[in-house]
Amino acid sequence: MTQDSAIPNPNASLRSTTEVEKLSTDQVLNWLDETMQVLRSAAGRSDYWDQAVEATLQIIGLDIVMALQIREGQWLPVAVGAKNKLVDTTEFEPSQTILSELTQNRQMIRRLPKEYDLRGSLLGVEAVIAAPILDHDQQLIGALYGVRKGTNWADRPEISALEGAMVEVIAGGTATGISREKEQRKALEMRVQFEQFFTPALAQELERNPSLLEATDAQITVLFCDIVGFSAVSSLLGARVSMEWIRSILDVLTETVFQHDGVVVDYIGDEMMSMWGAPIRRTDHASRCCLSAIELLQQRPLIDDRWLKKTGVPIDFRIGIYSGPACVGNIGSQRKFKYGPLGSTVNIASRLQGLAKHFQSGILVGQSTVDLLKDNSTLSIRPLGFARLVNIAEPIAIWEIGDPSNRVFPLIAFGFSQIISDVRSGRLARAIKLANQLCEQFPQDLPSQLLRTKLGKIVAAGDIVWDFQSKSPEEI
C-alpha cells in the first residue's frame, strides 16, 4: 500500500526525498547506527511509546509523530510529538481511513499526495506513514503514525521508502520493548504469586520451569496447624489488633515452613495448611514436615514475648500430619493462583488436626507418616490406637509426636506403648493397672486419662479405637 511521487524535489533534504535511496553505504550505515543508538537508549526504560515518537522525530525528521494503542478495538493516542516544539499537537488527528486500512492489513502504509497545484500553496498537503506495532503473536497492538507537511510548491512533502523502512525498524523495536516489559511484568506477578507459597529459591526454579506446576500425582505429606483459643483471644483484642496478631503469627509459621523447604498451601482463618513432596519430589518429605512441626511448637516462646501481655494467655498450636498420594497442581482459578493437593490425604491430615484438639496434643500423625520416619531416631512418638474419622471409611492408626520441651514425654510414651501392647495381646487387666499407674504418675497427660476411661469400656481383647464419627467426641 505504498505510493511514491514521480516528481523529484531537489530543494528538499536528502532524508525527505526519494533521493535518499541513493545514499552511500557509509551514510546508510550511519543512519542505521543512529537508529540503533536511540533504540538502545530506550531499552532500559518503560516509556516505549514516548521513546518511539522521539526516535521517529529525531531520525526520520517528520513534522508530527503520534503513537497509538489499540484498546478494546479503539485507536487511542498515547504519545505525540512535533519536530517544532512550538507546534500545538493537541488538535492533531490521524486519518481514520488509514488506521482502518492498517487494522485490516497490518502492513506499513506510506501515503504521498496525489495531486499538486503548482500555482498555489501546498499548505495542509501532507505525506503520511503508518507502521504497525505487533506483539509476539503478531497481533496488532498499536502503530506509529507520522506526517510530513508541505508549505509551498517548492517544498513537496515526501516520505521515502528507506524512511518508511526505518519507521518500521523503530516500530519493531518498540514492539520488542513492550513485549519484554509485558513478560517482565508477568514474571514479576508470577514471582509475587510463587513467593506467597514457595521459598524464594523454589520460586525462581518454578519461573525457569513452570511445567513443575502442572497437575500431577505425587507422594506428599500434609500439615494443618491451628491456633488454640483464637476466638477468645480475638474477641479480647478486637478486630484491628486481632488482624495484626494473626498476621504476625502466620509470618512466623510461614517462615518456619520455608526453612524446611515446605510449601504454604493456604491460610484458612487461624489455620495454616502446608505441604512437602511437591512440586519438587523429595523422599524425606515426612521427616521435613515433622521437623517443621516440632519447630513450630518451639516458636511459641518467641510469639509470647511479643503478645502474652496483650492476650493474657500463652500461644499454643494443634497440628495434624498425614502422608500419602495426592493430585497436586494449581487448584485456584485463572484470576487467583493457588498451588496445592487434592485427595483423601488432605482430608485425613485435616481430621487429625481436629483430633489433636480432643487429645490436647501438639502434633498428631497417621501411620503412613510414622512408616516414613523409621530412620529418624530424633523424634519421640507414642501410639494412641486407631481413630474412626468423619467421612473416612477405614480407621486410621494415630500417633503423637512429643513436644521436645516436655522432658517427661519419653517416659509417658514408653508406658503408653506398653498399655497398647497389652490390649492387643489380650492382657486387659494388666493394661488397666498400667493405665492407673500412668495417670497417677502423670496426671497432666490427658491422653492417659482418656485411655484409662476407654479401657473401662473394653470388655474383650482387641484394640483401642476412638470413634470420631460421632457428633459428640466428649462421649468417647
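Keep in mind that the numbers below use all heavy atoms, side chains included, and drop hydrogens, waters and symmetry copies.
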- Distance-only, no hydrogens or angles: does the D304 side chain make a donor-acceptor pair with backbone N or O of I315 under 3.5 Å? yes
Exercise answer: donor-acceptor pairs, residues 337-347 side-chain atoms, under 3.5 Å, sequence neighbours excluded:
unit_1	atom_1	unit_2	atom_2	d
K338	NZ	D266	OD2	2.8
T345	OG1	P325	O	2.8

- Item | Check against side-chain contact (heavy atoms from CB on, under 4.5 Å), D251 and R247 | CA-CA 6 Å; D251 282 343; R247 186 168 60 243; 4.2 Å; yes
- For K85, salt bridge (charged side-chain N to carboxylate O under 4.0 Å, His left out) partners two or more places apart: E54
- Check whether any side-chain N or O of S292 sits under 3.5 Å from a backbone N or O of R288 as a donor-acceptor pair, and report yes or no. no
- Note on the structure: The reported gap from CG in L253 to CD1 in I227 (rounded to nearest 0.5 angstrom) is 6.5 Å
- Message: With side-chain contact (heavy atoms from CB on, under 4.5 Å) as the test, pick out the partner of V365 among I319, I321, L223.
- Response: I321
- Note on the structure: Sorted by chain and number, sequence neighbours left out, salt bridge (charged side-chain N to carboxylate O under 4.0 Å, His left out) with D226 holds for K357
- Query: So, does R281 use its side chain to make a donor-acceptor pair with the main chain of A218 at under 3.5 Å?
  - Reply: no
- Task: Could you grab the distance from atom CD1 of I249 to atom CG of L302, nearest 0.5 Å is fine?
- Result: 11.0 Å
- Query: Between the side chains of T369 and S323, does any donor sit under 3.5 Å from an acceptor?
  - Reply: yes
- Quick one: which of V257, V263, D284 gives a side-chain contact (heavy atoms from CB on, under 4.5 Å) with W276? V257
- Query: What pair of heavy atoms forms the shortest contact from T256 to H260, and how long is it?
  - Reply: O-CD2, 3.3 Å
- Message: Checking T311 now: which residues fulfil side-chain contact (heavy atoms from CB on, under 4.5 Å) with it, not counting sequence neighbours?
- Response: V233, L237, W245, W307, L308, V313
- Mind checking what makes salt bridge (charged side-chain N to carboxylate O under 4.0 Å, His left out) contact with D403, not counting sequence neighbours? R300
- So which of R111, R148, K149 actually passes salt bridge (Lys or Arg N to Asp or Glu O under 4.0 Å) with E126? K149
- Working to the nearest 0.5 Å, report the span between CG of L62 and OH of Y145. 11.5 Å
- Item | N105 side-chain N/O to Q107 backbone N/O, donor-acceptor pair under 3.5 Å | no
- Atom CD1 in I133, atom OG1 in T174: separation rounded to 0.5 Å? 5.0 Å
- Under the side chain to side chain donor-acceptor pair (under 3.5 Å) rule, what pairs show up with a residue in residues 89-100, not counting sequence neighbours? D88-T90
- Item | Value rounded to 0.5 Å, distance of CD1 in I109 from CG in L102 | 5.0 Å
- Short question: side chain of R106, backbone of P132 - any donor-acceptor pair under 3.5 Å? no
- Is it true that K310 and E244 have a side-chain N and a carboxylate O under 4.0 angstrom from each other? no
